[in-house]
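These notes are about the structure you will find just below.
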There are 2 protein chains.
Amino acid sequence: MDNKDLKQEVTDKYSLRGRVFHRIREDILNGKYADHEELKEVAIGEELGVSRTPVREALRQLELEGLIQIIPNRGAYVVGISADDVRDIYMIRSKLEGLCARWACEKISNEQMEALEEIVYLSDFHAEKGHMDQLAELDSRFHTTLYESCNSKMLEHLLKDYHQYVWRVRQRTLAGKRGKDSNNEHRAIMEAIRDKNPDLAEEIANRHMLNAYDNMVKNGLLEMLSKEADKEKEQITKKGKKSKN
Amino acid sequence: MDNKDLKQEVTDKYSLRGRVFHRIREDILNGKYADHEELKEVAIGEELGVSRTPVREALRQLELEGLIQIIPNRGAYVVGISADDVRDIYMIRSKLEGLCARWACEKISNEQMEALEEIVYLSDFHAEKGHMDQLAELDSRFHTTLYESCNSKMLEHLLKDYHQYVWRVRQRTLAGKRGKDSNNEHRAIMEAIRDKNPDLAEEIANRHMLNAYDNMVKNGLLEMLSKEADKEKEQITKKGKKSKN
DNA sequence: TTTTGTATGATTGTATACAATAATGCATTT
DNA sequence: AAATGCATTATTGTATACAATCATACAAAA
């Protein structure tokens, strides 16, 4: 699993706070906490065997990431991803993945180029055999490698963020027959970059995202997301919680 | 001045931490702290009259924003914006402002449309009179209004972040004769949105960013940025500080 | 002179104590 | 029965105390 340390290359996982941060983040992304569930500092602290301080710091960071909402003197609440959010993210990613692929044409290193090729061929193999979890893992590695090869810390950071953000949804997507199509698109992107054809690379990477999103919609993979996450969030802000834990 | 509360609509400025967060952030953006300067918790706490706790929480958030880098057990250091960063941001913004303008064609409200028109006409007035600081303020308002009118919390959030990030640089830019050109582009964007022409709106908004960046380069406005910010940053990570404060 | 080791001080990491605020339950009133 | 007021409890906000880590200075050895 490589969906750790996508943030903060230095600080993390050597401090309690870093570990708490990643733990809560993963728990939210994996659905351990339901949308709008309240995260209590002492409860989390006890569960992880730490005091409130590192938990608080982690929560403050998660708020900035948009995964939770903190209401002063009230508490921290999980913010759900709405179907609209997913759509917006894929449209944004479409543009940015295109930019990334374009830049990669110029900036990619030989090692990274070989890594991309290897991932594509490996994915073919696992797609034939029907190893869907491996496929999801390889998809992550393909995109992460691409992000690193564009030679822009800003863009890399941004794309990794979004990639992680839709991780839960994305995994279900690749379990279907989209896996094979997706990898064919990966191959096309890889080849365009290998041929140093930035216009083509951008174009294909662009479409790759749009296709991924279309597939999700067609297969009803967004049904599970509350379409009203934002409205409910505002209600909480004004009114008050109603769960009794 | 409207470059406050661009983040965290709820939490802020009612808590000590929120105020500390914004204060340090502004101080960094305004150049009070030099690149790579160490931010000490007690010193900041004393200056603002608070204890270490809210300062620490604010620093953790600033790290996630990328404005500072925290090295475990060592300290928090200001991360400079390199010329490369600015270039990347403008390329990214070019794509995203285009997307925003496109979406605004469909989603903008009547009030927002009128606000845009008013800003454009007001800018004309101040450009004639040579009121450059007002022009910068109106530029901010134009873009902020546009961000809000695209009806996407994700995109709005992202663009406001970047807008704020290059705020310091941008202000110097508009002081030159670019101000008038910039406003003409604003007018073209506004009219395309008014005419519900998404393709044109996206195209113009796209170019608007590229032109802004070109102008910055031509006028040597990026010279003041250390082109090696990233490398120096990594040196700090590995080696150690050398300032004696 | 350079290097290495150690002691000291400075700074951050974590835990805990206390204060402030909000939620809850219950009694009282209407 | 519904609404209001008050007391109690729970939870967060902030400050402080202590532990752990790192930087620095200086002395001793090569």
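Each chain gets a letter, A, B and so on, in the order its sequence line appears, and its residues count up from 1.
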Next item on the list: Name the residue closer to the 5' end of DNA chain C, choosing between A/N73 and B/V42 according to the nucleotide with the nearest heavy atom.
Entry: B/V42

Notebook entry, point to check: Do any of residues 46-56 of chain B sit with a heavy atom less than 4.0 Å from DNA chain D, and if so which?
Noted result: B/V50, B/S51, B/R52, B/T53, B/P54

Next item on the list: May I ask you to say whether A/K160 pairs ionically with A/E148, meaning some side-chain N is under 4.0 Å from a carboxylate O?
Entry: yes

Notebook entry, point to check: Is the A/H208 ring parallel, tilted or perpendicular to the A/H143 ring (thresholds 30°, 60°)?
Noted result: parallel

Next item on the list: Mind calculating the distance between CD (B/E57) and P (C/dT14) to the nearest angstrom?
Entry: 13 Å

Checklist line | Whole-Å distance separating the CD1 atom of B/I71 from the C1' atom of D/dT21 | finding: 14 Å

Notebook entry, point to check: Between A/I70 (CD1) and D/dT12 (C1'), how many Å, whole number?
Noted result: 10 Å

Next item on the list: Using atom CD of B/Q69 as one end and atom P of C/dT12 as the other, report the distance to the nearest whole Å.
Entry: 14 Å

Notebook entry, point to check: To the nearest angstrom, how far is B/E41 atom CD from D/dT21 atom P?
Noted result: 16 Å

Notebook entry, point to check: Whole-Å distance between D/dG13 P and B/F21 CZ?
Noted result: 16 Å

Check: Looking only at atom types and distance, does a side-chain atom of A/D139 sit under 3.5 Å from a main-chain N or O of A/A136, one as donor and one as acceptor?
Finding: no

Notebook entry, point to check: Is the cationic atom of A/R17 (NZ for Lys, CZ for Arg) positioned less than 6.0 Å from the six-membered ring centroid of A/F21 and within 45 degrees of its normal?
Noted result: no

Next item on the list: Round to the nearest Å and state the distance from A/K40 atom NZ to C/dA23 atom P.
Entry: 12 Å

Check: Does atom CD of A/E106 have more than 12 heavy-atom neighbours, drawn from other residues, nucleotides or ligands, at distances under 6.0 Å?
Finding: no

Checklist line | Least distance between heavy atoms, A/Y147 atom then A/C100 atom | finding: CA-SG, 3.8 Å

Check: Do A/E65 and A/Q61 pass the side-chain contact (heavy atoms from CB on, under 4.5 Å) test, and can you show the C-alpha distance, the side-chain angles, and the key distance before you say yes or no?
Finding: CA-CA 6 Å; A/E65 283 222 317; A/Q61 295 188 300; 5.8 Å; no

Next item on the list: Check whether any side-chain N or O of A/R74 sits under 4.0 Å from OP1 or OP2 of D/dT11, and answer yes or no.
Entry: no

Next item on the list: Could you tell me whether B/L39 contacts a base, only the sugar-phosphate backbone, or nothing, with contacts defined as non-hydrogen atoms closer than 4.0 Å?
Entry: sugar-phosphate

Check: Among the nucleotides D/dT12, C/dG13, C/dT11, which one has an atom lying closest to any side-chain atom of B/R60?
Finding: C/dG13

